[in-house]
Amino acid sequence: MEVFYYVVFGALAAVVAGLELGKSGKDRVATTSAFNSFKNNYVLVYSLMMSGDWLQGPYVYYLYSQYGFDKGDIGRLFIAGFGSSMLFGTIVGSLADKQGRKRACVTYCISYILSCITKHSPEYRVLMIGRILGGIATSLLFSAFESWLVAEHNKRGFDPQWLSITFSKAIFLGNGLIAIVSGLFANLLAENLGFGPVAPFDAAACFLAIGMAIIMSSWSENYGDPSESKDLMAQFKVAAKAIASDEKIALLGAIQSLFEGSMYTFVFLWTPALSPNEEDIPHGFIFATFMVSSMLGSSIASRLLARNLKVEGYMQIVFSISAVTLVLPVATNILVPTSSVKGGSVSIGGSLQLLGFCTFEACVGIFWPSIMKMRSQYIPEEARSTIMNFFRIPLNLFVCVVLYNVNAFPITVMFGMCSIFLFMAAILQRRLMVVSDQVHKSSTKAQEMIGEDEPLNP
């Protein structure tokens with residue numbers, strides 16, 4: 001493996017270690033032992049769930065290509081996953097609110113384990129079924145677990161500010177350290193030990209089964225709207241009304257869709273972007289490097305949240321930086337000459353893109369705990385899972401459109417489109433901050449007026 005990959009990985013790891021070891025009292029919040037026990041249980045489960053997801057990441061595209069499918073066929077498989085999430089996501093989110101978030105989390109485990117099993121078959125139809133199951137599981141992963149956490153946190157009477165601690169720790173480990181280990185472990189199984197690209201999916205199923213056992217034995221059930229008579233259509237109406245009547249929720253949904261849509265498109269594009277001439281690149285090791293970058297971002301986010309910096313303010317900068325990083329493939333394609341020789345090592349342009357992609361992943365690391373914090377503030381509890389899956393409809397539609405046309409446009413065009421959407425997210429984030437400040441000022445003024453109207457004690 002080239003020295004360049006080791007240098008990038010080592011430099012990023014050193015920065016992360018320095019940030020974590022250098023935390024001061026301002027970066028830490030005093031909590032209770034009961035909260036710490038609750039937090040550690042959730043973080044353990046979340047880490048196992050994410051390990052089941054991350055183990056598959058480096059080898060999804062590669063496995064399909066090894067079965068003989070071209071970029072168009074693979075694109076349609078990806079479309080099936082995102083389309084499934086779009087079509088069934090809101091339904092399963094509403095069922096989570098009504099039937100219980102714990103049950104929804106167990107359903108995630110079962111769906112994803114079945115999806116992993118289908119990877120053993122080279123039959124396109126079987127793989128398509130696996131993608132559909134994976135899409136349903138993804139909707140549950142990014143709604144049911146967070147909804148269960150927020151409801152359980154509030155039910156146990158913990159300080160609302162402590163939620164950001166759990167979010168940051170879960171992302172730091174689940175989307176950082178666990179993802180790095182998963183990438184390296186997947187690389188070990190598939191390449192070093194020679195078990196092939198399907199082995200990481202088998203390992204993922206094992207970790208999901210362990211996590212499911214912990215959920216079933218240690219989690220209590222909680223719900224959204226306690227009304228037993230409210231059917232799915234009524235829940236949809238409640239969620240739609242909340243989004244339509246509150247500009248903050250609508251803006252938050254648009255921001256999330258724009259960023260996550262660009263992020264999922266990046267997941268599909270980074271492999272062909274770094275190896276346009278079929279260069280020999282270590283997929284698992286590069287994936288692990290991206291996760292170190294994400295870990296760096298979550299470490300930065302934990303400091304920002306611990307110091308109570310306004311999320312709506314600093315996220316404007318994060319979105320702007322991420323937009324610039326995804327312009328880099330366009331710039332290198334224009335400015336850096338490309339070789340026509342097939343195979344070989346990573347090119348100069350590929351090296352520059354890798355650095356840009358690492359910066360983008362750092363922005364992703366900041367995004368997750370920050371968007372979770374904003375969702376906990378703005379989304380009403382009674383339809384939390386339903387609303388969160390409503391947010392995923394436009395992002396899944398966007399990714400499906402991009403992947404459907406994957407052969408019609410050059411990779412640089414798709415990266416440029418993602419960059420534009422990220423700049424739009426920065427603009428909408430600015431608007432969200434303005435609206436949030438206006439609401440806060442109005443609320444403060446109303447409280448002051450009520451205080452002035454109260455008679456003085458005799």
Side-chain angles (χ1 to χ4, degrees), residues 8-9 11-13 15-16 19-20 50 54 57 142 164 167-168 170-177 179-180 183 251-252 254-270 273-274 286-305 307 309-332 352-375 391 395 398-399 414-430 432-433:
V8 174
F9 183 91
L12 289 168
V15 173
V16 172
L19 283 175
E20 286 299 300
M50 293 307 300
W54 289 125
F142 291 107
S164 61
F167 289 148
S168 298
I171 297 302
F172 182 81
L173 292 176
N175 284 23
L177 184 61
I180 296 165
L251 285 169
L252 189 64
I255 290 166
Q256 177 179 321
S257 296
L258 289 167
F259 187 88
E260 290 192 37
S262 300
M263 181 186 69
Y264 287 123
T265 304
F266 167 79
V267 169
F268 182 83
L269 295 177
W270 74 261
L274 294 179
I286 290 177
F287 181 81
T289 303
F290 287 161
M291 295 306 101
V292 175
S293 302
S294 180
M295 199 172 177
L296 171 62
S298 63
S299 182
I300 293 172
S302 68
R303 289 186 173 222
L304 297 174
L305 291 168
R307 300 188 181 200
L309 292 180
K310 196 170 182 62
V311 178
E312 293 82 357
Y314 70 73
M315 283 307 295
Q316 298 173 56
I317 301 172
V318 172
F319 290 139
S320 299
I321 293 173
S322 63
V324 172
T325 62
L326 294 194
V327 172
L328 199 56
V330 182
T332 55
L352 294 173
Q353 288 183 42
L354 179 62
L355 296 176
F357 292 165
C358 287
T359 305
F360 176 75
E361 285 289 349
C363 292
V364 172
I366 299 173
F367 168 79
W368 284 119
S370 301
I371 198 73
M372 289 175 175
K373 176 67 173 177
M374 289 190 286
R375 285 196 298 239
F391 289 172
L395 83 87
F398 163 62
V399 177
M414 288 188 281
F415 273 116
M417 186 165 52
C418 290
S419 180
I420 292 172
F421 285 131
L422 291 169
F423 275 120
M424 291 173 60
I427 295 171
L428 293 179
Q429 185 69 59
R430 171 67 181 175
L432 177 60
M433 186 179 73

Spacing of CZ belonging to Arg430 relative to CD belonging to Glu312, to within rounding of 0.5 Å:
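Rounded to the nearest 0.5 Å, the CZ-CD separation comes out at 12.0 Å.
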
Identify the two heavy atoms, one from Gly297 and one from Ile366, that lie closest to each other, and give their separation to 0.1 Å.
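Answer, listing the atom of Gly297 first, then Ile366: O-CG1, 3.1 Å.
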
Can you confirm if the aromatic rings of Phe415 and Phe357 lie within a centre distance of less than 6.0 Å?
yes

Would you call Phe290 and Cys358 a side-chain contact if the rule is heavy atoms closer than 4.5 Å?
yes

Contact check, side chains of Glu260 and Phe367, non-hydrogen atoms, under 4.5 Å
yes

Within the structure provided, determine whether Thr325 and Cys363 are in side-chain contact (heavy-atom separation under 4.5 Å).
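Thr325 vs Cys363: side chains apart.
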
Smallest separation among heavy atoms of Arg303 and Leu19, with atom names:
NH2-O, 2.6 Å

Ring centers of Phe266, Phe360 separated by less than 6.0 Å:
yes

Do Phe259 and Phe421 make the cut of ring centroids closer than 6.0 angstrom?
no

Quick one: CD on Gln353 to CG on Leu274, what's the gap to the nearest 0.5 Å?
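Here the interatomic distance stands at 6.0 Å.
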
Spatial distance of atom CZ (Phe423) from atom OG (Ser322) [nearest 0.5 Å]
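Answer for the CZ-OG pair, Phe423 versus Ser322, is 8.0 Å.
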
How close do Leu309 and Tyr314 get, heavy atom to heavy atom, and via which atoms?
O-CE2, 4.1 Å

Heavy-atom check, side chain of Leu422 versus side chain of Leu326, under 4.5 Å
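Yes - at least one pair of side-chain heavy atoms lies under 4.5 Å apart.
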
So do Met374 and Gln256 actually touch side chain to side chain, heavy atoms under 4.5 Å?
no

Give me the ring orientation class for Phe142 and Trp368: parallel if the planes are under 30° apart, tilted from 30 to 60°, perpendicular past 60°.
parallel

Rounded to the nearest 0.5 Å, what's the gap from CD on Glu361 to OG on Ser294? Could you check?
6.0 Å

Test side-chain contact (heavy atoms from CB on, under 4.5 Å) on Leu12 and Val16 and set out the steps.
CA-CA 6 Å; Leu12 289 168; Val16 172; 5.5 Å; no

Taking all heavy atoms of Ser164 and all of Lys373, pick out the closest pair and write down the distance.
CB-CD, 4.2 Å

Pairwise side-chain contact, Ile371 with Leu252, heavy-atom cut-off 4.5 Å (strictly under)
yes

Can you find a heavy atom in the side chain of Val324 that is under 4.5 Å from one in the side chain of Ser419?
no

Might you point out which heavy atoms bring Ala254 and Leu428 nearest each other, and give the distance in Å?
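What the structure gives for the nearest pair is CB-CD1, 3.7 Å.
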
Indicate yes or no: at least one non-hydrogen side-chain atom of Met295 is less than 4.5 angstrom from one of Leu173.
no

Please round to the nearest 0.5 Å and tell me the distance separating atom OG of Ser298 and atom CG of Leu304.
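Answer rounded to 0.5 Å: 11.5 Å.
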
Distance (rounded to the nearest 0.5 Å) between Leu328 CG and Thr359 OG1
8.5 Å

Closest non-hydrogen atom pair, Met433 against Gly313:
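Nearest heavy atoms, Met433 then Gly313: SD-CA, 3.7 Å.
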
Met424 vs Gln429, side-chain contact (heavy atoms from CB on, under 4.5 Å): CA-CA, chis, key distance, verdict:
CA-CA 9 Å; Met424 291 173 60; Gln429 185 69 59; over 6 Å; no

Between the side chains of Glu20 and Ser299, is a donor N or O closer than 3.5 angstrom to an acceptor N or O?
yes

